[in-house]
**Q** 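Would you mind keeping the following structure in view while I ask a few things?
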Amino acid sequence: MINIHDKRSCCGCWACMQRCPQQCISMEPDEQGFLYPKVDHSNCINCGVCEKVCPVLHPNKEQKPLKLLAGRNQDIEVVMQSSSGGLSSALATETLSNKGVVFSAIYNKNWQVEHARADSNHQLPSMRGSKYAQSNIGKAYKEAEIDLKHGKKVLFVGTPCQIAGLKHFLHKDYEQLLTIEVFCHGVPSPLVWGKWLEYISKGKGINDICQRDKRTGWTSYSVRYRLENKEICHYAWSDDYMRGFIYDYMLRPACYLCPSKGGRSGADIALGDLWGINKTNILNDEKGITLAVINSEKGLTAIKKYCQYELNVASISDYNNGYRNSVEQSQLSTFFWKKFLDEGIKALRQTNDHHGPSRLILRWLLLKIKLSKYIVR
């Protein structure tokens, strides 16, 4: 049975919980807000199924990509709603046009992140854009399996560990299944995210959140919170939650040695920002370009018509290092969690001040962009 002795050995993918034949596994939060499997020993029959579907216990081998492409959705409105170039939305729209279904992360009514099933186009906008907290998979694997067994086309989008969890859960390949992993920096705590929203909203209702607002540019994006009485929008580097995420001190322990990066998730395609655009001949117009790592012929067939550029596979780390490499845990992680558990959300500001400015912050402060129309303090 699943028994977590080291929290670095659980990525929170939910595969064990959903595959358990006795339904005796629940996902319970620890003091940091991350969910871990808990076994009801009175109902467990020691069948070992939970261990067989664990992507940490049974990691796949790293694979070399077939191709490296880049491109952008032709609908500029979709691009501006997306974190990079909107290629995931292009594939989602095509899937729905073929009477298929799409699984991806959304904000729920409490602005926590969870996976949802979409079978109509009006549901797609909520799936666009980055959401920097670990999503609750819920019953998404089971629902996807039911759709696949009914012969539906399924597009499943998730972090590398979630795609690995889905693949291990299904334990077989389906021709009509297309999987996309998003380049993942790591997943912050849902508990910290919830406390941050309480702080930023000060009891006011939240109408919308955008953690990658490109009105100030793609490489100089902002964070926007639309409350019932005002809008707060500022650079990502002046948002304490985003700084905590980028400084790597409040991520899930397993994220620091991710078992699913570098193609090990089994995803057909990996999508993310083409951060190395300056190393290509592609024009950066600050609207965003998607980097697509193709790991299967199925993935290549699905996405090649949406990509305008082909890049050198050997240079993948020049374009987005997050595809292969886990982030290194910050030395401030212990400091932050002690402060957070003792003093609450103000630990973000205290830890960020302790960290000091980085070269990236200084570079962003030097950008000559007119922001007065958008930035509200």
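Note that the structure is a prediction, hence the values are computed from the model and not measured.
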**Q** Closer than 4.0 angstrom, basic N to acidic O: yes or no for Asp285 and Arg72?
**A** yes
**Q** Just checking, Lys261 and Tyr323: is the charged tip under 6.0 Å from the six-membered ring centre and within 45° of the axis?
**A** no
**Q** Do Trp275 and Tyr319 have ring centres separated by under 6.0 Å?
**A** no
**Q** Return the orientation label for the Tyr141 and Phe156 ring planes: parallel under 30°, perpendicular over 60°, tilted otherwise.
**A** tilted
**Q** Using a 4.5 Å cut-off on heavy atoms from C-beta on, say whether the side chain of Gln32 contacts that of Leu191.
**A** no
**Q** I want to check a possible cation-pi pair here: Lys167 against Phe169, using under 6.0 Å from ring centre and within 45° of the ring axis as the test.
**A** no
**Q** Under 6.0 Å from the CD atom of Glu28, do we count more than 12 heavy atoms belonging to anything else shown?
**A** yes
**Q** After noting the C-alpha distance and the side-chain angles of Asp213 and Ser222, does the key distance pass the side chain to side chain donor-acceptor pair (under 3.5 Å) rule?
**A** CA-CA 5 Å; Asp213 189 335; Ser222 299; over 6 Å; no
**Q** Please walk me through it: do Arg117 and Asp119 pass salt bridge (charged side-chain N to carboxylate O under 4.0 Å, His left out)?
**A** CA-CA 7 Å; Arg117 177 182 182 274; Asp119 56 13; 3.4 Å; yes
**Q** Establish whether Met250 and Tyr256 are linked, either directly or via other cluster members, by ILVMFWY side-chain heavy-atom contacts under 4.5 Å.
**A** yes
**Q** Under a 4.5 Å cut-off applied to non-hydrogen side-chain atoms, are Ile316 and Asn321 in contact?
**A** no
**Q** Students often mix this up, so state it plainly: with edges at 30° and 60°, are the rings of Phe340 and Trp337 parallel, tilted or perpendicular?
**A** perpendicular
**Q** Same cluster for Ile137 and Val49 if Ile/Leu/Val/Met/Phe/Trp/Tyr side chains link at under 4.5 Å?
**A** no
**Q** Ring of Phe34, cation from Lys7 - is the NZ or CZ under 6.0 Å from the centre and inside 45° of the axis?
**A** no
**Q** Report the C-alpha distance between Asp268 and Asn295 in whole Å, list the side-chain angles of each, state the deciding distance to 0.1 Å, and finish with yes or no for side chain to side chain donor-acceptor pair (under 3.5 Å).
**A** CA-CA 5 Å; Asp268 298 297; Asn295 292 318; over 6 Å; no
**Q** Below 4.0 angstrom, N of the basic side chain to O of the carboxylate: do Glu175 and Lys153 qualify?
**A** no
**Q** With a 6.0 Å cut-off (strictly less than), is the heavy-atom count around NE2 of His171, excluding the residue itself, greater than 12?
**A** no
**Q** Determine whether Tyr132 and Leu271 fall in the same hydrophobic cluster, where Ile, Leu, Val, Met, Phe, Trp and Tyr are linked whenever their side-chain heavy atoms lie under 4.5 Å apart.
**A** no
**Q** Between Asp147 and Lys142, does any NZ, NE, NH1 or NH2 come within less than 4.0 Å of an OD or OE carboxylate oxygen?
**A** no
**Q** Answer yes or no: are there more than 12 heavy-atom neighbours, outside Glu51 itself, under 6.0 Å from its atom CD?
**A** yes
**Q** Answer with yes or no whether the hydrophobic clustering places Leu68 together with Ile269; edges join I, L, V, M, F, W, Y residues whose side-chain heavy atoms lie under 4.5 Å apart.
**A** no
**Q** Starting from Val192, can I reach Val327 by hopping between I/L/V/M/F/W/Y residues whose side chains sit under 4.5 Å apart?
**A** yes
**Q** Establish, for the pair Lys172 and Tyr174, whether the NZ or CZ atom is under 6.0 angstrom from the six-membered ring centre and no further than 45 degrees off its axis.
**A** yes
**Q** Would the number of heavy atoms belonging to other residues, nucleotides or ligands and lying under 6.0 Å from OH of Tyr199 be above 12?
**A** no
**Q** Under the criterion side-chain hydrogen bond (donor to acceptor under 3.5 Å, both in side chains), which of Gln112, Gln162, Glu114 is the partner of Ser135?
**A** Gln162
**Q** For a side chain to side chain donor-acceptor pair (under 3.5 Å) check, start with the C-alpha distance between Asp239 and His234, then their side-chain angles and the critical distance, and finish with the verdict.
**A** CA-CA 7 Å; Asp239 182 274; His234 46 220; 3.0 Å; yes
**Q** Can you tell which of His185, Gln329, Gln331 makes a side-chain hydrogen bond (donor to acceptor under 3.5 Å, both in side chains) with Asp248?
**A** His185
**Q** Run the salt-bridge test on Lys338 and Glu343 with the 4.0 Å N-O cut-off and return the result as yes or no.
**A** no
**Q** Pick one: which of Trp111, Tyr225, Tyr107 meets side chain to side chain contact (heavy atoms under 4.5 Å, CB included) with Ile206?
**A** Trp111
**Q** What pair of heavy atoms forms the shortest contact from Gly266 to Ile163, and how long is it?
**A** C-CG2, 4.5 Å
**Q** Answer yes or no: are there more than 12 heavy-atom neighbours, outside Glu228 itself, under 6.0 Å from its atom CD?
**A** yes
**Q** Checking Lys67 against Glu310 for the salt bridge (charged side-chain N to carboxylate O under 4.0 Å, His left out) test, could you report, in this order, the C-alpha distance in whole Å, the side-chain angles of both residues, the deciding distance, and whether it holds?
**A** CA-CA 8 Å; Lys67 281 186 180 295; Glu310 183 169 354; 3.1 Å; yes
**Q** Might you point out which heavy atoms bring Pro190 and Gly33 nearest each other, and give the distance in Å?
**A** CD-O, 3.5 Å
**Q** Start with the C-alpha distance between Ser82 and Arg128, add both sets of side-chain angles, then the distance that settles side chain to side chain donor-acceptor pair (under 3.5 Å), and finish with yes or no.
**A** CA-CA 5 Å; Ser82 305; Arg128 294 179 187 132; 4.8 Å; no
